[in-house]
Amino acid sequence: MSTLILALVAGAVIGLALGALGGGGSVLAVPALIYLLGFSPASATTASLIIVTATSATALYAHARDGSVAWKTGALFAAAGIVPAFLAGAAAGRLPAVVLTGAFSVVAAVAALRMLRPARSEPPERIRPAKVAGAGVGLGAVTGFLGVGGGFLAVPALVGVLGLRMKQAVGTSLLVITVNSLAALTARTGTGGDLRWEVIAPFTGAAILGAWDGKRLASKITGQTLQRIFAFVLLGVAALMLIDVIV
């Protein structure tokens with residue numbers, strides 16, 4: 001299969017994940033770029049941030065039209081993570097790839113297991129700004145450190161920590177992903193290795209189109225089903241990457 005076709009197929013799948021689940025895009029993008037398209041780890045993490053930033057911004061617009069974005073909570077969450085994402089992104093370049101890959105797989109598995117726990121039946125009556133900011137700082141640091149958009153952690157945090165319902169968490173997480181990805185990408189400027197734009201461009205285009213289909217899919221599936229799909233995808237990716245580290 002040609003590189004162009006692989007890029008288009010992988011991009012469509014990742015866009016679908018972002019549009020429907022509000023995350024998981026860069027979790028899938030990094031291994032796809034490395035194992036299917038031959039990118040180095042440094043290039044893959046930087047390229048994935050480019051792809052996910054563009055795709056999540058597009059998906060955010062689609063969710064915002066339906067009123068599925070908690071703007072105040074999302075903005076505070078995202079703003080709190082900007083500096084940690086930038087600093088962690090700069091520090092991550094000094095660590096061996098195997099350390100980052102191992103940390104990536106463990107964090108993804110923990111987030112997936114959290115998502116499989118029973119959801120809260122009712123959101124809290126009042127969301128404390130300090131709690132939102134604290135979760136945002138932690139997410140921003142992990143985003144910058146691992147070189148991912150952070151949606152696979154933002155959705156569990158928005159649901160489990162801040163009490164948003166799943167579909168609202170999906171839309172709000174896209175705001176967080178866009179902001180954190182831009183901050184982490186800025187920190188990685190000049191250190192991303194050889195970026196092959198002939199692959200990144202079609203990959204991104206397919207991901208953007210896939211995000212629109214993902215948004216339509218999300219409107220037809222219950223929040224609990226989305227949450228379980230998201231969790232099992234994360235567990236699968238975590239297992240594959242952990243095996244790669246061990247072997």
Side-chain angles (χ1 to χ4, degrees), residues 18 21-31 41-42 44-53 56-57 60 70 72-115 127-164 169-170 172-192 230 234 237-238 241-242 245:
L18 272 169
L21 304 174
S26 51
V27 177
L28 302 174
V30 171
T45 53
T46 302
S48 75
L49 287 170
I50 296 171
I51 294 163
V52 173
T53 299
S56 59
L60 173 62
K72 184 176 180 180
T73 299
L76 179 56
F77 197 113
I82 292 175
V83 173
F86 182 89
L87 295 177
R94 304 174 182 271
L95 297 175
V98 66
V99 173
L100 295 177
T101 303
F104 184 98
S105 61
V106 170
V107 170
V110 170
L113 293 173
R114 184 183 183 95
M115 290 294 287
I127 298 175
R128 297 179 182 277
K131 198 172 185 180
V132 178
V137 167
L139 177 64
V142 173
T143 297
F145 184 72
L146 298 180
V148 300
F152 70 109
L153 294 174
V155 173
L158 289 166
V159 172
V161 177
L162 304 182
L164 297 186
V170 167
T172 305
S173 74
L174 291 165
L175 172 61
V176 180
I177 292 168
T178 302
V179 174
N180 282 351
S181 295
L182 281 172
L185 186 59
T186 301
R188 288 168 177 266
T189 301
T191 63
F230 188 21
L234 285 184
V237 171
M241 298 195 79
L242 189 59
V245 171

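Everything quoted here is computed from the prediction, not taken from an experiment.
Of all non-hydrogen atoms in Phe77 and Ala135, the two that sit nearest each other are CE1-CB, 3.6 Å. Ala29 approaches Ser48 most closely through the heavy-atom pair CB-CB, 3.8 Å. When every heavy atom of Leu139 is checked against every heavy atom of Ala154, the shortest pair comes out as CD2-CB, 3.6 Å. Counting all heavy atoms, side chain and backbone alike, Leu175 lies closest to Ala75 at CD2-N, 3.6 Å. Ala85 and Asn180 make their closest contact through CB-O, 4.1 Å (heavy atoms, listed as atom of the first residue, atom of the second, distance). Minimum interatomic distance between Ser181 and Val52 (heavy atoms only, all atoms of both residues): OG-CG1, 4.2 Å.
With hydrogens and angles ignored, the 3.5 Å screen pairs a side-chain donor or acceptor of Ser105 with a backbone N or O of Gly102.
In this structure, the separation between OG on Ser56 and CD1 on Ile51 is 11.5 Å, given to the nearest 0.5 Å.
Every residue two or more places apart in sequence or in another chain that forms a side-chain contact (heavy atoms from CB on, under 4.5 Å) with Ala70 is listed here: Thr73, Leu164, Gln168, Thr172.
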